[in-house]
Amino acid sequence: MKFCVLAYYVIDEVSDPAKMIKEHRAFLKKLDSAGRIYVSPEGINAQLSLAEGDLQAYLDFLKKDCFFDAADVKVHHWHEHPFAKLTIKQREQLCALDTEVDFSNRGEHLSAHEWKQKLEARDEHTIVIDVRNNYESEVGYFEGAIKPDLESFREFPEFAKELRKKFDPAKTTVLMYCTGGIRCEFYSPLMKKEGFEKVYQLHGGVIRYGIEEGNHLWHGKLFVFDDRLVVDIAELKNEDVGHCRHCGCESSTYYNCANMDCNLLFLSCRECARKNKGCCCEACIVEGRVRPFSDQEHPKPFRKLPHEEKLKLSGGS
Ligand SMILES: [Zn+2]
Ligand SMILES: [Zn+2]
């Protein structure tokens with residue numbers, strides 16, 4: 001059985017979120033589906049998986065409502081549902097920034113192809129910023145990107161302030177990207193608020209870029225907020241740019257520390273994971289409440305513990 005993993009969002013006023021949620025629930029209940037869909041008065045953010053045979057039915061369902069015309073639905077393929085269940089919920093904010101965002105003042109959207117051209121033609125007055133969290137850019141990034149050491153969405157406004165001290169906002173061209181594009185919708189107005197005049201954002205994010213342009217100028221892999229954790233952005237196998245926490249060799253495989261009180265998300269090669277029973281450090285092996293280590297090629301994130309909470313807080317994409 002094969003599955004499609006879909007990611008899309010729409011930033012636009014939702015007059016009746018409860019109604020949209022109800023319609024989605026009723027329709028998806030009929031399909032083989034899983035995922036996370038969040039609806040707020042400011043839009044919808046959806047990451048879900050469907051049996052391949054159900055994809056067209058869902059796309060047709062979206063087509064019936066012109067609200068979804070603005071959705072750029074990105075599709076990957078996987079051998080199973082990368083989500084444990086289907087969650088469709090209302091949220092106050094789509095992106096937990098805790099600050100007002102002026103969507104009328106966003107950056108200019110670039111198609112994957114335009115983005116590639118801009119990257120190729122960049123000069124010394126152009127900066128590329130990876131607006132994702134640190135554990136995401138650790139396994140993959142665009143060549144020459146600034147990778148801020150952020151742990152959550154909420155830290156971005158502060159980073160934007162710091163950036164204006166280092167780069168003259170009037171002279172600097174900003175190219176920004178994230179996983180699927182939604183974070184840039186929230187962050188580009190913040191950059192403009194800080195005075196940056198020329199702000200461009202990659203429409204559809206790294207996912208769309210990989211589908212259309214392959215991995216040209218991209219190094220490594222892509223972190224995703226589901227059971228897959230890390231995927232190739234293009235058909236070709238992508239290089240490993242991350243490093244094993246234990247031995248330093250190249251690896252893009254994330255593990256949650258097997259010590260349930262730690263649960264740290266860390267990179268490890270398979271051999272070190274075996275040797276350390278899935279733990280992040282010596283102390284965790286010796287002192288922790290260690291759950292049995294299962295030796296898998298694609299370890300899944302451990303659920304119902306801080307890491308899962310953290311994924312939820314970050315919101316995904
Ligand atoms: Zn290792
Ligand atoms: Zn640990």
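Counting starts at 1 for both ligands and their atoms, in listed order.
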- Message: Quick check on side chain to side chain donor-acceptor pair (under 3.5 Å): which of Glu108, Arg183, Gln201 does Ser188 satisfy it with?
- Response: Gln201
- To the nearest 10°, how many degrees is the angle Cys244 SG to the Zn ion (ligand 1) to Cys269 SG? 110°
- Item | Angle at the Zn ion (ligand 2) (to 10°), with one arm to SG of Cys284 and the other to SG of Cys280 | 110°
- Query: To the nearest 10°, what's the angle at the Zn ion (ligand 1) between atoms SG (Cys247) and SG (Cys272)?
  - Reply: 110°
- Tell me whether Cys249 has at least one N, O or S atom under 2.8 Å from the Zn ion (ligand 1). no
- Item | Ring geometry between His203 and His109 (parallel below 30°, tilted from 30 to 60°, perpendicular above 60°) | perpendicular
- Message: Between Ser137 and Asp130, is there a side-chain donor-acceptor contact under 3.5 Å, judged purely by atom types and distance?
- Response: no
- Message: Does the structure place the NZ or CZ of Lys74 under 6.0 Å from the centre of the six-membered ring of Tyr8, at an angle of no more than 45° from the ring's axis?
- Response: no
- Task: Report yes or no: does Cys262 have an N/O/S atom closer than 2.8 Å to the Zn ion (ligand 2)?
- Result: yes
- Measure the acute angle between the ring planes of His298 and His79, then classify it against the limits of 30° and 60° as parallel, tilted or perpendicular. tilted
